[in-house]
Amino acid sequence: MFKRRTPRSLSGWARELIYPRGGFRRAVRYVLHRMRRLPDQPERVARGFAAGVFISFTPFFGLHFLGAIAIAWAIRGNILAALLGTFIGNPVTTPFIAITSVGLGHWMLGMPGALDLPEIGHAFARAGTQLWLNTSAIFTPRQMHWDRLVMFFREIYFPYMIGGIVPGLVAGAAFYWLTLPLVRAYHKLRASRAEERAERRRLVREEPRE
């Protein structure tokens, strides 16, 4: 009943991962709609969403969901809101997050030189290629090499991790204060509508019958 009439191809999945079919504006509206309807206290929802935003500024790709859940649990935030908050780290925003975090990390660690976005992308690609070759070398006579991975960790990954803390905290705090009144307003609206429905039912019951 709930399956698609035409199964989505692998290329379709990849295309929608990079750019949603309805556009990012529609995706943002969907996230906001789901977040404000979460059945939890507004403070917990806002804390959870902030946790997801913060983890999006870290280089722990593939572990953002688990990281968001862990942080939300630690600060008593809503878990589902934390997962929704990771949407901030998407294919459009991640390049800007990466270049900001890596640049700030280099400055905080006193590392000379500044990397631009293509250099960061090439470093990720070279490290990923070497990681794949080392993994496949387990099953072949090929020798493992670690030079690119060591250089990547020292020049990209570690500065990214350190430099992402400050903008992650700032963005998380900003989204917390933006989310809190939004969820409160929706809960107040939902409560008032529930009261109106209850009042209408009461008036219907009290109407004299002929």
Side-chain angles (χ1 to χ4, degrees), residues 14 17-20 24-25 27-28 31-32 34-35 43-132 134 146-180 182:
L17 179 65
I18 297 174
Y19 187 82
F24 282 105
R25 181 178 298 180
V28 170
V31 170
L32 293 176
R34 288 298 303 272
M35 180 186 61
E43 292 79 9
R44 284 177 50 84
V45 173
R47 286 198 298 267
F49 195 78
V53 172
F54 172 79
I55 202 68
S56 299
F57 282 78
T58 68
F60 307 137
F61 301 110
L63 299 174
H64 280 177
F65 273 9
L66 294 178
I69 291 172
I71 296 175
W73 177 82
I75 63 176
R76 298 182 180 179
N78 183 278
I79 299 298
L80 183 53
L83 299 181
L84 292 174
T86 61
F87 176 80
I88 295 299
N90 56 69
V92 172
T93 61
T94 296
F96 299 99
I97 293 174
I99 194 169
T100 300
S101 298
V102 172
L104 184 58
H106 273 223
W107 177 78
M108 294 173 66
L109 296 170
M111 300 176 64
L115 299 177
D116 57 20
L117 191 57
E119 289 175 324
I120 295 174
H122 291 156
F124 269 96
R126 290 192 298 268
T129 300
Q130 189 165 77
L131 181 62
W132 169 254
N134 285 351
W146 302 95
D147 54 326
R148 293 182 181 178
L149 288 169
V150 171
M151 184 178 298
F152 171 76
F153 180 84
R154 184 175 64 248
E155 297 185 358
I156 303 294
Y157 196 87
F158 187 65
Y160 194 149
M161 183 171 59
I162 298 300
I165 294 175
V166 174
L169 288 174
V170 172
F175 274 95
Y176 173 85
W177 292 111
L178 289 173
T179 303
L180 190 57
L182 178 67

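Fair warning: this is a prediction, and the values are worked out from it, not measured in the lab.
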message: So, taking the atom named NE2 in H122 and the one named OG1 in T129, what distance separates them when rounded to the nearest 0.5 Å?
response: 11.0 Å
- prompt: Can you find a pair of side-chain heavy atoms, one from F158 and one from I162, that are under 4.5 Å apart?
  reply: yes
query: Once you round to the nearest 0.5 Å, how far does CG of L180 lie from CD of E43?
result: 5.5 Å
field: Heavy-atom side-chain contact between H64 and F57 under 4.5 Å
entry: no
query: Considering all heavy atoms of both residues, which atom of G164 and which atom of S101 are nearest to each other, and what is their separation?
result: CA-OG, 3.4 Å
message: To check you understand the geometry: which heavy-atom pair defines the closest contact between A51 and I71, and what is its length?
response: CB-CG2, 3.6 Å
More than 12 heavy atoms of other groups within 6.0 Å of F61 CZ: yes
query: Which pair of heavy atoms, one from F153 and one from P159, lies closest together, and at what distance?
result: O-CD, 3.9 Å
message: Quick one, I120 and Y160 - any side-chain contact, counting heavy atoms below 4.5 Å?
response: no
- prompt: Can you tell me how far OG1 of T94 sits from CG of L117, rounded to the nearest 0.5 angstrom?
  reply: 10.5 Å
- prompt: So F175 and F49, would you call those rings parallel, tilted or perpendicular, with 30° and 60° as cut-offs?
  reply: tilted
- line: Shortest non-hydrogen pair, T179 vs A46, comes out as CG2-CA, 4.0 Å
message: So M161 and T58, do their side chains get closer than 4.5 Å, heavy atoms only?
response: no
query: Can you check whether L83's main-chain N or O pairs, donor with acceptor, with T86's side chain at less than 3.5 Å?
result: yes
- prompt: So, the side chain of R76 versus the backbone of R44: is there a donor-acceptor pair under 3.5 Å, distance only?
  reply: no
Closest non-hydrogen atom pair, V53 against I88: CG2-CG1, 3.6 Å
message: I'd like to know if the side chain of E119 reaches the main chain of D116, judged simply by a donor and an acceptor atom lying under 3.5 Å from each other, with no hydrogens or angles considered.
response: yes
- prompt: Do the side chain of S56 and the main chain of G52 share a donor and acceptor less than 3.5 angstrom apart?
  reply: yes
- prompt: Can any side-chain N or O of H106 pair as donor or acceptor with the backbone N or O of G163 at less than 3.5 Å?
  reply: no
Over all atoms of both residues, closest heavy-atom pair of V92 and P95: O-CD, 3.5 Å
Step-by-step side-chain contact (heavy atoms from CB on, under 4.5 Å) determination, Y157 to F60: CA-CA 9 Å; Y157 196 87; F60 307 137; 3.0 Å; yes
- prompt: Measuring from R154:CZ to L149:CG, what's the distance to the nearest 0.5 Å?
  reply: 12.0 Å
task: Assess whether side-chain contact (heavy atoms from CB on, under 4.5 Å) is satisfied between R148 and M151, documenting all intermediate values.
output: CA-CA 5 Å; R148 293 182 181 178; M151 184 178 298; 5.8 Å; no
message: Any side-chain to backbone donor/acceptor pair from N134 onto L131? Under 3.5 Å, distance only.
response: no
